[in-house]
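So the structure is just underneath, and the comments pick up after that.
Below, each value reflects all heavy atoms present in this structure, side chains not excepted, and no hydrogens, waters or symmetry copies. In this chain, numbering begins with 1 at the start of the sequence shown.
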Amino acid sequence: MLARRPLAAAATAITAALLALTALSGCSAANGGAADAVGAGATPSASAQRVAIVGDSIESGLGLEPSEAWPALVAQTRGWRLDNLSVPGAGFVAQGSDGNDFSAQVDTAIAAKAQLVFIGASDNDLGQDLAEVSKAMKTAVDRLHTELPDARIVGFNALSGAASDDDLAPVDSALQQAVEEVGGDWLDLGQPYRGLAGLVQDDGEHPTLPGQQAIAAVVESKLGA
């Protein structure tokens, strides 16, 4: 993937969240593909909320352990039963390392009967026809809404260490519109790790563990209780 805007507000809350997430960073939570991760301190049970993540290499934690990606970190603190379906290279149109676009992840989220679905824009779709990407976004979100009518759908902006805000704005806007049209929630996460020393891997694109922790802290602050 490729990057975005710094957050000024809620510094105290984010710092506290980062400290908590740092303490959890040693915990393991396998999520290879559609694996389950139950939050630290939580017990596996039928009552644990089933959460699916539709995303790319940022959400999959490329270059790190799966348990170090932000979805696993948030799942640990919230006691979610996590299906991190994210695949490097994938987008709504772009094909990932498994040869599929996001539609395959949507299929799996539906089959898993997710109660909460996070679905993010991706810089992997930059360079694709915007009308085609927008259509694929609407199709994916509409399917989730139709097949999982009781699920909460949460969209979020593309996270990137390299792409500019101007480059990402069209895909972010298109997904936001698709999500809000079905009554879903939109999280503008900014770019919590872009350009910050120690938060970006050597490739200039993917977050380090502290970078993933920074994203997780912002997700926590945006989600609320």
Side chain to side chain, [X] and [Y], heavy atoms closer than 4.5 Å:
X: V74; Y: L82; answer: no
X: V154; Y: I119; answer: no
X: L175; Y: V179; answer: yes
X: I215; Y: P207; answer: yes
X: S173; Y: P170; answer: no
X: R78; Y: L223; answer: yes
X: R81; Y: V51; answer: no
X: Q115; Y: R50; answer: yes

Task: Full working for side-chain contact (heavy atoms from CB on, under 4.5 Å) between V171 and M137 - done: CA-CA 9 Å; V171 292; M137 287 174 169; 4.1 Å; yes
TODO: List for me each residue that meets side-chain contact (heavy atoms from CB on, under 4.5 Å) alongside A112, sequence neighbours excluded, and say none if there are none.
DONE: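 Testing A112 for side-chain contact (heavy atoms from CB on, under 4.5 Å), a comparison that skips the adjacent residues, returns D83.
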When clusters are formed by joining ILVMFWY residues with side-chain heavy atoms under 4.5 Å apart, either directly or through shared neighbours, do [X] and [Y] land in the same one?
X: L144; Y: W186; value: yes
X: F156; Y: L199; value: yes
X: L73; Y: L62; value: no
X: V87; Y: I53; value: no
X: L85; Y: L64; value: no

Just by distance, with hydrogens left out, do [X] and [Y] show a side-chain donor and acceptor under 3.5 Å apart?
X: Q128; Y: E132; value: no
X: H206; Y: D203; value: yes
X: D101; Y: S103; value: yes

[X] and [Y]: which non-hydrogen atoms are nearest, and at how many Å?
X: A94; Y: G89; value: CB-O, 3.8 Å
X: V117; Y: A114; value: CG2-CB, 3.8 Å
X: F118; Y: W70; value: CD2-CH2, 4.4 Å
X: A158; Y: D172; value: N-OD1, 2.8 Å
X: N157; Y: G190; value: ND2-O, 3.1 Å
X: G198; Y: T208; value: O-OG1, 2.6 Å

Open item on the list: Using modelled atom types and a 3.5 Å cut-off, is there a donor and acceptor pairing between side-chain atoms of Q105 and backbone atoms of G55?
Closed with: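 Yes, because the side chain of Q105 sits within donor-acceptor range (under 3.5 Å) of the backbone of G55.
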Task: S60 side chain vs S57 backbone, donor-acceptor pair below 3.5 Å - done: yes
Open item on the list: Testing S86, S122, S97 one by one against D56 for a side-chain hydrogen bond (donor to acceptor under 3.5 Å, both in side chains), which residue passes?
Closed with: S122
Open item on the list: Rounded at 0.5 Å granularity, tell me how far CG in L187 sits from CD in Q176.
Closed with: 10.0 Å
Task: Distance (rounded to the nearest 0.5 Å) between Q212 CD and E65 CD - done: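 Reported value, rounded in 0.5 Å steps: 12.0 Å.
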- [ ] Kindly determine whether I110 and L148 satisfy side-chain contact (heavy atoms from CB on, under 4.5 Å), including the steps that lead there.
- [x] CA-CA 7 Å; I110 292 170; L148 301 172; 4.2 Å; yes
- [ ] Could you check whether the rings of F102 and F92 sit parallel, tilted or perpendicular, using 30° and 60° as the cut-offs?
- [x] perpendicular
Task: Worked check of side-chain hydrogen bond (donor to acceptor under 3.5 Å, both in side chains) between S164 and D167 - done: CA-CA 5 Å; S164 71; D167 287 340; 3.2 Å; yes
Open item on the list: Under 4.0 Å between a side-chain nitrogen and a carboxylate oxygen: does that hold for K222 and D188?
Closed with: no
- [ ] Start with the C-alpha distance between E181 and K138, add both sets of side-chain angles, then the distance that settles side-chain contact (heavy atoms from CB on, under 4.5 Å), and finish with yes or no.
- [x] CA-CA 9 Å; E181 281 181 351; K138 180 172 175 53; 3.5 Å; yes
Task: Check against side-chain contact (heavy atoms from CB on, under 4.5 Å), H145 and I153 - done: CA-CA 8 Å; H145 179 61; I153 299 173; 4.0 Å; yes
Open item on the list: Does D202 have more than 12 heavy atoms from other residues, nucleotides or ligands lying within 6.0 Å of its CG?
Closed with: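 No, CG of D202 has 12 or fewer neighbouring heavy atoms, counting only those of other groups under 6.0 Å.
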